[in-house]
Protein chains: 2
Amino acid sequence: MSAVPSRRRTGRDQLLAVALRLFARDGIQATSLQDIADEAGVTKAGLYYHYKTKDEIVLDVLRPLLDALPAVTRRAEAHRTRTARVDEVLGGLIEIALYEHSGFAVLMQDPYLTRLLGQQESMRQWWDGTSTLILGPDPDPQTRIGLAMFINGLAGAGRDPAMTPLDDRSRRQALLECGRRLLRCD
Amino acid sequence: MSAVPSRRRTGRDQLLAVALRLFARDGIQATSLQDIADEAGVTKAGLYYHYKTKDEIVLDVLRPLLDALPAVTRRAEAHRTRTARVDEVLGGLIEIALYEHSGFAVLMQDPYLTRLLGQQESMRQWWDGTSTLILGPDPDPQTRIGLAMFINGLAGAGRDPAMTPLDDRSRRQALLECGRRLLRCD
DNA sequence: GTCTATATAAAGATAGAC
DNA sequence: GTCTATCTTTATATAGAC
């Protein structure tokens with residue numbers, strides 16, 4: 001028994017980090033358990049001590065992301081003005097896109113995950129609720145489409161070469177400005 | 001010899017249509033030759049009369065798209081004012097995203113294709129050139145990132161539920177408005 | 001907790017008949 | 001131009017030793 005119950009770099013966590021990197025680079029479907037095992041320095045069978053199936057690995061890799069998105073919405077609900085809610089949602093999504101960009105890109109774009117989450121029914125519900133929260137129950141189509149372009153373009157914009165000369169703060173600011181323009185909040 | 005040399009629904013074309021639909025729905029890697037053959041009503045071996053490899057099918061499916069993007073840029077180069085060039089590029093990309101949306105989404109997002117095109121070196125070059133054409137040689141980062149969000153978000157926004165109530169013209173208009181806002185052209 | 005070895009299914013691809 | 005049959009490789013997954 002360890003005297004330190006806090007999270008260390010246990011085998012499981014290391015596997016997840018390796019898997020996420022490969023998923024983001026090659027796509028989930030193209031990443032075999034053999035690839036993950038090789039990269040992690042274990043054998044394929046060794047993975048099965050930690051996980052029963054590949055899907056279990058996938059879901060565990062994306063778990064932090066799947067939790068982070070509703071958390072953003074909950075924080076936004078605590079605000080009373082529309083402006084504050086918009087900023088909380090846009091800012092929260094930008095944080096995720098910038099600092100967990102691998103996971104965010106996989107979550108938003110990988111076809112394997114789309115199927116695994118059942119055509120993303122849960123994702124769609126979260127997005128509907130979040131959209132309604134910041135745009136109101138009956139927003140004009142232009143604004144809704146602007147928001148759709150923001151969420152769909154965020155992962156790509158976050159890893160665009162145009163970001164490289166900017167520091168962290170400028171990156172957040174630039175992406176926030178994109179969102180505000182699309183939602184006509186500037 | 002046929003009296004009608006024009007394009008009919010030959011076996012090859014039908015295979016491409018089937019393949020594109022499956023690629024867009026499940027991703028390229030998750031779509032096996034068996035899947036395509038089943039859907040097209042032939043056997044797996046039958047595919048190999050038309051194509052030597054799966055990659056050949058993939059590239060042939062995406063060929064119209066890979067040709068359409070540079071064509072947009074060439075049309076834009078014919079204009080002299082920046083405004084006209086911007087509208088030609090944005091409008092051209094919107095046309096593709098709306099009317100060849102399956103192919104466009106696959107082209108922009110599928111990890112299999114990214115690898116097949118060699119980390120998309122050719123795509124990156126096209127995008128650099130197009131970006132420079134409409135933004136000038138040294139655009140401010142905010143505008144470049146806005147353009148990145150547009151191209152990356154276009155496929156997703158084009159198939160967002162918010163599009164359904166709109167007719168074709170309104171859809172084009174809404175997406176164009178997104179682009180103009182991101183580029184501060186309104 | 002990680003290994004060797006193996007089972008089983010499915011992938012891409014080819015040979016050759018019709 | 002499409003088929004049946006088959007080859008080879010690789011995928012997920014399991015059994016059981018250490």
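Worth knowing before you read on, the calculation uses all heavy atoms, side chains too, and leaves out hydrogens, waters and symmetry mates. Residue numbers begin at 1 in each chain, while the letters A, B, ... track the order of the sequences.
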(message) Using a strict heavy-atom distance below 4.0 Å, which residues from residues 37-49 of chain B are in contact with DNA chain C?
(response) B/Lys44, B/Ala45, B/Tyr48
(message) Given the ring of A/Tyr99, does A/Arg172 sit roughly above its face, with NZ or CZ under 6.0 Å from the centre of the six-membered ring and within 45° of the axis?
(response) no
(message) Expressed as a whole number of angstroms, how long is the span from B/Leu33:CG to D/dT8:P?
(response) 19 Å
(message) In this structure, how many angstroms lie between the P atom of C/dA13 and the NE2 atom of B/His50, rounded?
(response) 16 Å
(request) Quickly work out the A/Tyr51 OH to D/dA13 P distance and round it to whole Å. (result) 14 Å
(message) Please determine whether a side-chain nitrogen or oxygen atom of A/Ser32 lies at a distance below 4.0 Å from atom OP1 or OP2 of D/dT10.
(response) no
(message) Near DNA chain C, counting only heavy atoms under 4.0 Å, which residues of residues 52-63 of chain A show up?
(response) none
(request) Round to a whole Å and report the spacing from CD1 of B/Ile36 to C1' of C/dA10. (result) 15 Å
(message) So, using salt bridge (Lys or Arg N to Asp or Glu O under 4.0 Å) as the criterion, who are the partners of B/Asp128 when residues are at least two apart?
(response) B/Arg124
(request) Kindly say whether A/Ala148 contributes a backbone atom to a donor-acceptor pair with the side chain of B/Asp160 at under 3.5 angstrom? (result) no
(request) Would you kindly give the CD-to-P distance between B/Gln34 and C/dG12, to the nearest whole Å? (result) 9 Å
(request) Can you sort out the partners of B/Asp87 under salt bridge (Lys or Arg N to Asp or Glu O under 4.0 Å), two or more places apart, ordered by chain and number? (result) B/Arg180
(request) Of all the heavy-atom pairs spanning B/Leu176 and B/Leu90, show the shortest one and how long it is. (result) CD1-CB, 3.7 Å
(request) Using the test salt bridge (Lys or Arg N to Asp or Glu O under 4.0 Å), find all partners of B/Arg181 that sit at least two apart in sequence or belong to another chain. (result) B/Glu177
(message) Between B/Asp167 and B/Ser170 (side chain of the first, backbone of the second, donor and acceptor by atom type, cut-off under 3.5 Å), is there such a pair?
(response) yes
(request) Can you tell me the distance, in whole Å, between the CG atom of B/Leu116 and the P atom of C/dG12? (result) 14 Å
(request) For A/Arg74, enumerate each residue passing the side-chain contact (heavy atoms from CB on, under 4.5 Å) test, keeping only those at least two apart in sequence or located in another chain. (result) A/Pro70, A/Ala71, A/Glu77
(message) For A/Ser32, is there any backbone N or O sitting under 3.5 Å from a side-chain donor or acceptor partner on A/Lys44?
(response) no
(request) Take atom CG of A/Leu15 and atom C1' of C/dG1, then tell me their distance rounded to the nearest Å. (result) 11 Å
